[in-house]
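Here the structure is a predicted model, which means the values were calculated and not measured. Reminder, nothing fancy here: chain letters follow the sequence lines and each chain counts from 1. Basis for what follows: all heavy atoms, side chains included, without hydrogens, waters or symmetry-related copies.
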Amino acid sequence: MQVYYFSWVREKVGTGQEEIQTNSNTVKDLIDELSLKGENYTLAFSNLEHIKVAVDQVFVSDFNHPIKNAKEIAFFPPVTGG
Amino acid sequence: MQVYYFSWVREKVGTGQEEIQTNSNTVKDLIDELSLKGENYTLAFSNLEHIKVAVDQVFVSDFNHPIKNAKEIAFFPPVTGG
Amino acid sequence: MLSIRIQEDDFDPGLIYNLVGKDRKDIGAKVAFTGLVKDFFELEEVTSLYIEHYHSMAKTQLKNICQAALERWQIKEIHLVHRFGLLKPGDNIVNLVLASHNRSDVFQGGTFIMDYLKSDAPFWKKEFNRKGSAWVNQSLADIQKMDSW
Amino acid sequence: MLSIRIQEDDFDPGLIYNLVGKDRKDIGAKVAFTGLVKDFFELEEVTSLYIEHYHSMAKTQLKNICQAALERWQIKEIHLVHRFGLLKPGDNIVNLVLASHNRSDVFQGGTFIMDYLKSDAPFWKKEFNRKGSAWVNQSLADIQKMDSW
């Protein structure tokens with residue numbers, strides 16, 4: 001699946017987009033898996049209170065939301081447009 | 001004093017402005033006095049529920065409001081601008 | 001900055017909108033409101049609308065309403081124009097532009113000014129169509145909107 | 001009519017405002033809102049503002065927000081533009097124009113769309129000045145405004 005990072009999450013991870021092969025079942029599982037990839041990921045996901053998630057472009061407030069069959073997951077801080 | 005009439009009050013009275021010499025003490029007294037001047041005035045002031053009054057360009061909700069020393073009195077229906 | 005005009009001539013809402021706050025760097029939000037003549041309201045197939053007004057009192061009232069908004073919200077600029085005379089469907093009647101730091105100040109201030117203008121500024125509308133004419137009645141909704149502030 | 005654009009290029013708020021509802025005779029009220037870059041916010045003496053966005057989701061979210069407004073109020077036209085990229089103080093960020101029969105529909109619809117856009121549309125702002133840079137934080141007030149609807 002495609003994983004997107006925006007704003008300071010992107011800056012901390014060091015990339016805006018990557019293709020991930022995963023067996024994770026939920027958003028939380030994916031975050032745990034990503035956090036093992038390196039210190040940049042650990043830092044980016046160190047405080048999940050500041051992280052918003054969209055699964056296939058829809059906001060998901062429950063981190064136990066399933067991600068099986070999802071095509072794209074995005075992690076970013078609360079939005080500040082307008 | 002100058003007396004002004006606007007909208008359908010003006011149309012019923014038949015003039016938009018006139019100079020009146022009066023000894024009336026209140027708005028109500030002036031209306032009674034004007035109503036005696038002719039059928040056009042009687043008709044214009046027949047239902048005071050639909051008449052708004054401004055004394056020296058300030059809305060007055062009490063028809064017992066004094067008009068001694070007033071320079072201009074205006075009679076008109078509720079406003080509909082904007 | 002407060003600018004209020006009452007005039008018979010037309011104005012250009014887009015031009016006014018672009019000019020308000022131009023070259024300032026402290027404006028984060030602008031709102032414009034324009035009221036236009038519809039071809040229906042009290043009457044059907046309206047061909048023209050006559051706007052009568054009590055000039056001296058209208059100027060005072062519009063100023064009072066805008067001053068109240070300036071005291072209540074953080075607003076940097078208010079530009080208000082109201083027309084009188086004989087207009088046609090599609091014509092501009094009234095135009096309001098507000099500029100501020102914040103969006104909620106301009107939205108609330110704009111709504112407030114228009115609500116009060118509708119109930120407190122001495123303007124009257126008369127509609128004409130092929131069959132006749134009718135003075136527009138003040139709507140209960142407009143009185144309630146003003147009273148809600 | 002619903003028009004939504006997300007673009008890097010600038011736009012002309014006055015021109016858009018004048019075009020919306022042009023030649024229609026059933027529009028009694030128009031509202032425009034423009035959000036602009038201020039030279040202060042999280043930082044002082046801001047020299048530039050970078051707007052990042054999640055394009056596909058932003059398009060969907062803006063459309064959803066506008067559709068919700070169309071269902072809730074009597075609105076004839078909505079024209080929304082949001083910019084991304086590197087901007088300077090005084091530059092336009094977002095522009096919204098609504099047209100309707102009635103003023104309360106455009107004021108309420110406009111406030112609603114901007115409140116939701118601030119909390120639900122995936123755009124992020126980063127301010128730059130001579131000393132450094134900072135991502136703008138979402139304000140509690142903005143969350144409360146959205147929740148109030």
A.B. asks: Sort out for me which of C/A99, C/G21, C/G110, C/G90 touches chain D most, counting heavy-atom pairs under 4.5 Å.
C.D. replies: C/G110
A.B. asks: Could you give the distance from CG (C/D12) to CG (D/N18), rounded to the nearest 0.5 Å?
C.D. replies: 4.5 Å
A.B. asks: State whether the number of non-hydrogen atoms from other residues, nucleotides or ligands found under 6.0 Å of D/Q7 atom CD is greater than 12.
C.D. replies: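 Yes - once you tally the heavy atoms of other residues, nucleotides and ligands closer than 6.0 Å, there are more than 12.
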A.B. asks: Give a yes or no on whether D/E44 atom CD has more than 12 heavy-atom contacts from other residues, nucleotides or ligands under 6.0 Å away.
C.D. replies: no
A.B. asks: Counting only non-hydrogen atoms closer than 4.5 Å, does C/D23 touch chain D with its backbone (N, CA, C, O), its side chain (CB onward), both, or neither?
C.D. replies: neither
A.B. asks: Would D/L36 and C/K30 satisfy side chain to side chain contact (heavy atoms under 4.5 Å, CB included), going step by step from the backbone distance to the final call?
C.D. replies: CA-CA 8 Å; D/L36 303 109; C/K30 295 204 304 187; 3.8 Å; yes
A.B. asks: Answer with side chain, backbone, both or neither: which region of D/D91 has an atom nearer than 4.5 Å to a non-hydrogen atom of chain C?
C.D. replies: neither
A.B. asks: Quick one, D/N102 and C/K38 - any side-chain contact, counting heavy atoms below 4.5 Å?
C.D. replies: yes
A.B. asks: Tell me, for D/V106 versus chain C, whether the close heavy atoms (under 4.5 Å) come from the side chain, the backbone, both or neither.
C.D. replies: side chain
A.B. asks: Tell me whether D/D142 is salt-bridged to C/R103, with the criterion being a basic N under 4.0 Å from an acidic carboxylate O.
C.D. replies: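 Yes, this pair counts.
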A.B. asks: Do the two ring centres, one from D/F40 and one from C/H101, sit under 6.0 Å apart?
C.D. replies: yes
A.B. asks: Counting only non-hydrogen atoms closer than 4.5 Å, does C/K145 touch chain D with its backbone (N, CA, C, O), its side chain (CB onward), both, or neither?
C.D. replies: side chain
A.B. asks: So, the side chain of C/Y17 versus the backbone of D/T34: is there a donor-acceptor pair under 3.5 Å, distance only?
C.D. replies: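 Such a contact is found between C/Y17 side chain and D/T34 backbone.
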A.B. asks: Aromatic contact between C/F107 and D/F107, with the criterion being ring centroids under 6.0 Å apart: yes or no?
C.D. replies: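 No - the distance between ring centres of C/F107 and D/F107 does not fall below the 6.0 Å cut-off.
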A.B. asks: With a 4.5 angstrom heavy-atom cut-off, could you sort out which part of D/V31 is near chain C: side chain, backbone, both or neither?
C.D. replies: both
A.B. asks: Side chain, backbone, both or neither: which part of D/K118 has a heavy atom under 4.5 Å from chain C?
C.D. replies: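 Just its side chain gets close to chain C.
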A.B. asks: Looking at D/K25, I want to see if its NZ is surrounded by more than 12 non-hydrogen atoms of other residues, nucleotides or ligands under 6.0 Å.
C.D. replies: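 More than 12 within 6.0 Å, yes.
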A.B. asks: Quick check on D/K22 against chain C: is it the side chain, the backbone, both or neither that has a heavy atom closer than 4.5 Å?
C.D. replies: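 For D/K22, there is no contact with chain C at all, as no heavy atom is under 4.5 Å.
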